[in-house]
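This report refers to the structure that appears directly beneath it.
Here is how names work: the chains are called A, B, and so on, in the same order as the sequence lines, proteins then strands, and each is numbered from 1.
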Amino acid sequence: MGKKILLKGNEAMCEAAVQAGCRFFAGYPITPQNEVPEYMSKRMPQVDGVFVQAESEIAAINMVFGASASGARCMTSSSSPGISLKQEGISYITSAELPCLIANVQRGGPGLGNIRASQADYFQAVKGGGHGDYRLIVLAPASVQEIYNLTMNAFDWADYYRNPVMILGDGISGQMAEPVEILPYEPIVDLPAKDFVLDGCAGRKPRVVKTLYLRPTDALVTHNEHLQEKYKRIESELSLYEEYETANAEIVIAAYGITARIAKGAIRLARKKGIAVGLIRPITLWPFPSDPFAAAAETVGQMLVVEMSHGQFIEDVKLAVDSACPVEFLGKGGGWYPTEEIILEKIESMAAAVAKRGM
Amino acid sequence: MGKKILLKGNEAMCEAAVQAGCRFFAGYPITPQNEVPEYMSKRMPQVDGVFVQAESEIAAINMVFGASASGARCMTSSSSPGISLKQEGISYITSAELPCLIANVQRGGPGLGNIRASQADYFQAVKGGGHGDYRLIVLAPASVQEIYNLTMNAFDWADYYRNPVMILGDGISGQMAEPVEILPYEPIVDLPAKDFVLDGCAGRKPRVVKTLYLRPTDALVTHNEHLQEKYKRIESELSLYEEYETANAEIVIAAYGITARIAKGAIRLARKKGIAVGLIRPITLWPFPSDPFAAAAETVGQMLVVEMSHGQFIEDVKLAVDSACPVEFLGKGGGWYPTEEIILEKIESMAAAVAKRGM
Amino acid sequence: MDRNETKIIIAGFGGQGIVLIGNVLARAAVIENKNVVGMVSYGAEMRGGTANATVVISEDEIFNPFVACPDMAIILNGPSLDRFEPQIEKAGLVLMNTSMIQRDPVRTDLACIKVDATRIAHEIGNLRVANIISVGAFIEHTSLLSMDSIEQAIADLFSSKNPKLVEVNLKALHAGAEQSQCLQPV
Amino acid sequence: MDRNETKIIIAGFGGQGIVLIGNVLARAAVIENKNVVGMVSYGAEMRGGTANATVVISEDEIFNPFVACPDMAIILNGPSLDRFEPQIEKAGLVLMNTSMIQRDPVRTDLACIKVDATRIAHEIGNLRVANIISVGAFIEHTSLLSMDSIEQAIADLFSSKNPKLVEVNLKALHAGAEQSQCLQPV
Amino acid sequence: MNKVHFDKHRCKGCGMCVLFCPQKILRMSADLNDQGLPYPEFSDADCCTACGLCFRMCPDCAIQVDKQGVKTSEKKETTDLVE
Amino acid sequence: MNKVHFDKHRCKGCGMCVLFCPQKILRMSADLNDQGLPYPEFSDADCCTACGLCFRMCPDCAIQVDKQGVKTSEKKETTDLVE
Amino acid sequence: MPTLKRTEILTDARTHYCPGCGHGIAHRLVAEVIEELGIREKTIGTAPVGCAVLLYDYFNCDIIECAHGRPPAVATGIKRVQPDKIVFTYQGDGDLAAIGTGETIHAANRGENITVIFINNAIYGMTGGQMAPTTLTGMVSTTTQNGRGEHGEGPPLKVCELLSALDGVCYLERTAVSTPKNVNATKRAIKKAFQNQIDGKGFSLVEVLSMCPTDWKLSTEKSVDFVNNEMKKAFPLGVYKDEG
Amino acid sequence: MPTLKRTEILTDARTHYCPGCGHGIAHRLVAEVIEELGIREKTIGTAPVGCAVLLYDYFNCDIIECAHGRPPAVATGIKRVQPDKIVFTYQGDGDLAAIGTGETIHAANRGENITVIFINNAIYGMTGGQMAPTTLTGMVSTTTQNGRGEHGEGPPLKVCELLSALDGVCYLERTAVSTPKNVNATKRAIKKAFQNQIDGKGFSLVEVLSMCPTDWKLSTEKSVDFVNNEMKKAFPLGVYKDEG
Ligand SMILES: Cc1ncc(C[n+]2csc(CCOP(=O)(O)OP(=O)(O)O)c2C)c(N)n1
Ligand SMILES: Cc1ncc(C[n+]2csc(CCOP(=O)(O)OP(=O)(O)O)c2C)c(N)n1
Ligand code: SF4
Ligand code: SF4
Ligand code: SF4
Ligand code: SF4
Ligand code: SF4
Ligand code: SF4
Ligand SMILES: [Mg+2]
Ligand SMILES: [Mg+2]
């Protein structure tokens with residue numbers, strides 16, 4: 001194991017991006033992700049990359065639109081309200097199939113809300129906050145090291161699938177500092193040639209990057225079918241999750257990101273009390289790892305969804321579980337953090353209920 | 001029945017708004033909803049109302065934010081890309097609990113897409129395209145008369161629940177002309193006094209309209225709990241849908257808006273062929289009328305979801321059906337329109353499959 | 001003509017006032033207390049090109065607002081005939097503006113109304129009324145709507161703008177009715 | 001101290017360099033190849049007020065990054081003592097900057113390190129090092145981390161900026177170690 | 001033989017060429033092109049000086065001006081022959 | 001009795017008042033307020049002319065100037081007594 | 001015999017502003033003008049997203065807190081519905097001149113009859129000191145760590161100069177809160193900007209050069225000097241437009 | 001002996017523009033300049049959302065179609081990554097001066113080394129004739145049916161005048177395509193705007209007053225007169241800035 005250094009999640013994301021060859025960053029300040037533009041403003045010039053502090057989040061996402069069409073590995077970053085402003089641009093980027101990384105360091109909402117961590121932008125990221133049928137590859141890291149590793153992968157998947165990737169983090173994982181091993185970048189897929197790049201039409205036919213499909217009348221339908229085929233392919237190829245003590249579990253907790261860390265703490269407490277609890281932690285939120293949930297649902301008595309929102313992630317869990325077992329919920333929005341104790345309580349009440357029925 | 005006049009859906013929405021006392025409109029041109037600002041620019045001055053052609057969709061939604069805080073019944077309107085730009089503003093308005101009407105005359109996406117009708121903004125409207133845990137009351141009219149009637153109701157529900165209401169239409173229902181009876185406005189609920197209005201603090205304590213909740217630390221959690229309670233109340237009180245020939249149906253089609261009209265045509269053809277098909281058409285998409293689906297699922301053999309998207313509405317149908325019966329899908333995005341024939345085909349194949357299993 | 005529902009398509013160049021024809025027919029239908037759905041199939045956020053409009057008229061509730069296979073087609077230029085002739089329902093009807101269409105229908109199952117609309121408009125001295133001339137011919141040879149309600153619809157549409165327009169359009173309407181012929185399918 | 005995991009909270013006024021203390025402890029932990037999570041609980045998008053930071057140090061994988069009930073608390077001002085004393089784990093430890101805290105802990109189960117940090121800083125001639133003085137006292141009386149790794153962490157942190165800072169902070173560190181006392185719970 | 005050639009099917013019948021021909025020797029046709037639009041024709045082809053103004057004002061590149069044996073200015077810009 | 005009263009707990013210790021007092025008769029306290037911040041005190045209260053500049057430059061409304069028997073200009077604006 | 005003390009238009013809440021922050025002075029001046037014009041009970045203020053977001057805790061009148069950069073649009077909505085009320089926006093440089101550029105320019109060009117108080121501290125204060133559109137050339141911020149202008153940031157944006165080109169605008173003045181003289185001038189300008197609205201004259205904006213000691217990382221004294229020496233050079237004080 | 005005909009930089013596709021639309025002339029001029037400067041193979045154009053959205057069907061070079069109003073931001077992304085390429089935007093008045101106001105002002109102020117072709121036809125063409133920021137006072141549009149100015153729309157926005165206040169801008173000229181003389185002047189201006197970019201001089205914008213017969217509901221001849229008589233009054237032609 002190589003030497004480790006102490007980094008905040010936001011900083012680790014930046015350094016991983018630089019290591020992975022990201023050479024264009026455009027963003028607009030917003031707490032709790034300010035370390036990102038600040039780090040990039042310093043780091044990009046060092047690697048002959050470009051840092052632009054945009055006049056707005058909308059300008060930033062559209063600068064990324066242009067940078068990606070120019071062939072650069074590029075990214076933008078913001079937090080909840082700023083990500084809402086990027087929705088039109090995100091819809092355009094998915095249609096144009098331009099690879100890029102978009103980071104959402106989630107904070108409390110709705111509205112200006114507050115700057116505590118939150119997971120209430122799940123629907124926006126996973127179902128689509130923009131218009132039209134599109135998908136983002138959505139990653140939910142739970143540690144600073146994982147932020148570092150997934151950020152590197154994100155650029156590969158973005159290029160490989162020609163699709164934007166979103167890192168759905170939160171104010172805690174972005175702000176907390178942990179030891180990180182700065183692994184050198186190694187592509188994890190064969191990267192396709194970027195034959196869509198606009199670099200002047202020297203010695204080739206002119207290229208067009210566009211999202212308008214007028215003629216023939218069904219041109220846009222055809223384009224959507226093409227996108228849907230790609231999405232199906234991604235769903236079949238990409239699905240990451242972690243299982244923790246699910247083997248003999250009677251109750252399985254479903255949680256992602258920082259919430260899963262707290263859940264693990266609760267599970268340790270519950271195990272001490274002799275309650276067999278496990279955890280399934282999706283790492284890719286889209287594609288959603290349905291199989292482990294479907295499988296677990298067959299064996300365990302109940303599931304418990306814990307999320308820092310009033311119930312968004314739970315819909316995908318329910319669709320995956322397909323009514324094979326009851327799904328309980330523990331969650332709130334607005335910057336609420338679950339504690340190990342609260343989760344434990346919930347687990348105990350679930351266990352007790354079962355015991356009763358058992359009699 | 002009073003005299004009827006021929007109106008486009010977009011015009012009917014405007015006239016209903018004026019009849020219901022809407023006195024502020026801000027919007028930005030976009031096809032296929034241009035009749036709306038055009039109609040309002042003419043009509044508002046006639047009733048001493050305000051029409052503002054905003055410099056952008058973002059300015060428009062924020063003008064509505066101010067107009068609603070001033071106590072006016074107000075609205076904005078756009079189509080898919082423009083609605084994506086309003087997502088931050090929508091999140092703010094829901095948190096500030098300001099009543100208003102937002103119309104999305106959906107077009108083909110993602111990106112610039114095209115201007116054919118579409119239903120691919122369902123997730124954005126129903127799950128939340130903006131950040132944070134919030135809900136819009138979402139209405140899906142299927143005829144010009146229904147556009148007229150629901151628009152009137154929308155202003156009442158918005159005021160009654162202090163929540164923005166979205167009319168989720170599409171390029172067809174917005175553009176098609178049908179005879180409409182111009183019913184006079186009658187409130188359908190007891191309208192509460194608007195004690196939140198900012199009109200200067202003469203003779204009272206100053207008021208604040210805000211969405212930032214910092215102190216105490218859990219202030220935003222408390223605010224979210226308040227919002228969630230309101231949403232639960234709305235869910236228990238508001239749920240509209242139409243059932244068509246479901247009584248003895250073996251197959252039930254789930255479709256909303258214009259798609260449901262085409263489905264009815266297909267059902268008529270199917271019935272001619274002796275296949276017992278019915279329709280459940282949600283009129284409120286949020287709150288989602290789960291009960292009729294749950295009930296039908298118990299009795300019918302299969303369900304068929306038809307939507308002009310690659311599968312968004314179907315998720316709510318599945319969550320409602322709760323695996324009580326298989327749910328088939330027929331849908332595409334990008335401005336694809338189902339025909340009666342295509343739906344009929346699908347129905348026949350479903351019926352055939354059952355027959356087989358039946359043997 | 002399933003459950004006395006009639007599906008009509010109107011097609012021609014952008015400038016030929018296609019939309020107005022649909023509008024007149026739809027308003028006339030409302031005047032006759034019929035159910036009706038009128039639609040303009042706008043191609044794209046752009047100008048020019050060919051335009052077409054559809055109208056569905058029925059005694060019963062109209063479900064599907066779309067017209068895939070029209071029972072009747074009002075065609076004002078050649079390209080549109082090429083495009084829509086194949087789609088017309090079996091034993092349907094087509095009206096052709098012979099000034100802008102050089103050929104006859106290929107199909108032999110269609111009733112065919114012929115009117116030299118653009119030329120007649122020329123004579124009337126206003127090219128823009130070729131569309132209403134076609135309406136005149138259409139109503140004259142079909143029992144779909146009465147000439148009276150068409151006249152009233154035209155009056156409703158133009159009186160607000162400019163009474164003179166009512167006059168010239170009514171003139172055009174009747175010119176079309178008189179100077180047109182209907183060939184039953186051979 | 002469950003599974004040799006130690007949860008620490010550091011609290012004081014905005015200007016007192018709370019975050020730096022957390023940073024020094026966390027870096028020292030990394031130097032000792034321990035697992036560690038450091039967090040700053042930033043109250044709001046705004047300045048001033050009281051600040052606090054938390055550090056969790058463990059031999060094993062750290063699950064929960066939050067510190068609800070700290071095992072040890074480094075408290076640099078009165079208001080923070082009022083706020084955090086009740087949350088400290090039973091039989092835990094509290095370090096108090098007596099220059100800014102007029103009272104003793106009410107709880108009797110807590111070990112208590114006392115250091116007149118702000119005054120000592122005054123003597124050293126740099127008020128801003130009161131935080132490192134506290135660290136010196138903290139390390140002196142706990143076996144959590146070695147003084148060496150703290151020294152290295154300080155060197156790592158300041159050498160880049162300005163070598164002089166390393167010097168003065170090391171001076172402060174040792175001053176704190178010497179001029180502090182630890183009272184075991186009565 | 002005409003120095004100016006009109007691509008009748010590219011033409012949109014806007015009449016800019018007619019409007020700006022300094023010799024006033026253009027008029028719109030009675031006949032219509034395949035878009036149903038009139039296009040320019042000469043009233044008096046011989047008086048054409050091949051000045052190129054019609055080309056310059058045509059929004060649709062429907063005009064070609066053949067400058068065989070017409071003195072040109074030095075200006076490089078191809079549309080910039082007359083001031 | 002002082003013409004100027006400092007609200008020591010409102011004070012943020014910025015020193016604007018000290019900086020702008022034309023009489024240079026203010027200094028920051030050694031003692032700290034309940035925010036841990038120093039606040040202004042008189043070095044020589046008698047020289048205070050009640051000019052109000054300290055009040056005018058204080059960002060935190062922590063100063064009150066009692067103008068008993070101090071001639072004022074005609075200007076209505078309360079902070080506008082000296083130019 | 002008047003006594004100089006906090007006006008009743010301000011609540012007695014302690015502000016969250018840093019020591020020496022110019023917002024505090026600007027708040028007091030706006031409040032005193034509202035008091036002197038006797039318009040508290042018909043005034044509606046719009047708070048920005050920026051350090052001044054908590055305006056509503058400090059002002060004794062109706063306040064609406066807007067999305068970042070949108071106060072001019074929100075104020076338009078309010079003023080159009082309630083033309084008889086007095087509507088002001090209070091915005092920082094990031095809010096008004098970066099994300100809110102479109103809303104600012106178009107509200108100004110429409111000649112909306114509102115009053116805009118623009119606090120130019122050449123920095124993003126609330127988020128911790130990133131470059132603002134008004135950050136000076138060569139000035140260090142957390143996103144221009146070698147000084148603005150090294151990496152294509154362009155020169156500082158001059159709002160008064162920019163808006164003066166708009167026919168719809170009534171009144172533009174740039175002042176400061178870094179000396180007693182400037183503070184008085186600022187108050188007079190703010191008063192005029194409100195009076196213009198009362199008189200129905202249209203869009204009035206006062207740009208106030210203001211101290212941000214925290215994010216400038218300067219002492220109170222050095223911050224005052226920075227405004228008086230550096231900022232006034234880049235942003236000359238004065239009246240840029242006066243159709244009143 | 002040259003023959004005047006369509007440049008190869010334009011495809012032989014028929015445009016979708018209405019008869020007499022100024023876009024066609026502007027397209028040809030941009031194309032001829034690209035040809036004469038021999039930069040086709042290093043040029044990247046950005047199409048707006050507006051009637052010119054199909055730019056990519058007509059130009060024989062790389063084109064990116066952007067979201068409405070965002071071409072200056074997209075062009076910034078392209079030019080920063082590929083400083084050696086020639087990047088131009090082609091935008092209408094709604095795109096550049098309404099929804100895109102922020103992107104326009106800030107790209108200009110950053111001095112992005114790009115060329116902006118701004119087609120001012122005083123109307124929203126593509127969407128069917130709604131008021132544009134540049135619609136003339138008293139001018140009828142589908143959203144100002146009694147003429148602009150009756151309901152607080154404010155005066156037309158003058159883009160060259162506005163941008164001339166920005167220190168970052170290199171070159172601003174307003175021309176027209178309503179007479180042969182103007183067409184020549186427009187071409188010279190466009191050529192200079194591209195040459196400036198080649199020479200690394202920074203942000204150059206050419207505002208072209210252009211005909212929209214369809215949405216003006218005027219004949220070709222009357223449209224030309226409208227530009228020459230009405231528009232030129234509201235938008236005086238000329239060079240507004242030239243740091244080149
Ligand atoms: C949409 C959005 N983008 C970004 C932010 C983060 N943010 C809060 S305040 C601010 C800028 C503050 O600077 P300024 O407007 O100059 O006000 P100041 O704090 O300097 O007074 C930013 C970028 C936000 N809250 N919302
Ligand atoms: C976000 C968004 N808003 C609105 C539209 C609708 N729209 C398309 S083009 C256009 C304006 C066209 O006017 P202009 O920019 O002046 O170009 P022109 O057609 O006049 O050349 C608008 C508002 C859109 N496509 N996207
Ligand atoms: S070349 Fe000149 S003279 Fe000849 S037709 Fe064209 S404009 Fe007229
Ligand atoms: S200018 Fe061109 S398009 Fe217009 S009429 Fe002449 S040839 Fe045809
Ligand atoms: S009133 Fe004037 S003289 Fe007295 S302390 Fe204040 S500033 Fe100094
Ligand atoms: S100016 Fe006000 S806040 Fe600052 S030190 Fe003086 S009294 Fe305290
Ligand atoms: S950061 Fe700057 S602007 Fe914000 S409160 Fe502190 S000093 Fe004032
Ligand atoms: S609408 Fe206007 S701008 Fe658009 S193509 Fe037609 S004439 Fe040109
Ligand atoms: Mg600022
Ligand atoms: Mg335009």
Practice problem: Would you mind telling me which of A:Gly311, A:Gly108, A:Gly128, A:Gly130 has the largest number of heavy-atom pairs within less than 4.5 Å of chain B? | Solution: A:Gly130
What residue, out of [options], has the most heavy-atom pairs lying under 4.5 Å from chain A?
options	result
B:Ile90, B:Leu212, B:Thr222, B:Asp121	B:Leu212
B:Ser91, B:Gly113, B:Ala125	B:Gly113
B:Gly109, B:Gly111, B:Gly334	B:Gly111
B:Ala324, B:Gly82, B:Gly333, B:Ala96	B:Gly333

Quick check on [X] against chain B: is it the side chain, the backbone, both or neither that has a heavy atom closer than 4.5 Å?
X	answer
A:Ser118	neither
A:Leu227	side chain
A:Asn114	both
A:Ile58	side chain
A:Glu315	both
A:Thr217	both

Between atom [atom1] of [X] and atom [atom2] of [Y], what is the distance when rounded to the nearest 0.5 Å?
X	Y	atom1	atom2	result
B:Lys332	A:Leu220	NZ	CG	12.0 Å
A:Ser309	B:Gln228	OG	CD	8.0 Å
A:His310	B:Asn224	NE2	CG	4.5 Å

Quiz item: Any sub-3.5 Å donor-acceptor pair from A:Thr211's side-chain atoms to B:Leu112's backbone N or O?
Solution: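 Between the backbone of B:Leu112 and the side chain of A:Thr211 there is a qualifying donor-acceptor contact (under 3.5 Å).
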Practice problem: Return yes if some donor-acceptor pair links the side-chain N/O of B:Ser84 with the main-chain N/O of A:Gln87 below 3.5 Å, else return no. | Solution: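 Flag not set: sc B:Ser84 to bb A:Gln87 has no pair under 3.5 Å.
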Exercise. For A:Gln124 and B:His131, work out which heavy atoms get closest and say how close.
Key: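 Closest approach of A:Gln124 to B:His131: NE2-N, 3.8 Å.
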Exercise. Quick one: closest heavy-atom pair of A:Ala120 and B:Asp133, and the distance?
Key: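 Shortest heavy-atom contact: CB-OD2, 3.3 Å.
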Practice problem: Taking atom NZ of A:Lys127 as the centre, report whether more than 12 heavy atoms of other residues, nucleotides or ligands fall under 6.0 Å from it. | Solution: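 Result for NZ/A:Lys127: enclosed.
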Quiz prompt | Per-residue contact mode, B:Ile83 against chain A (heavy atom under 4.5 angstrom) | solution = neither
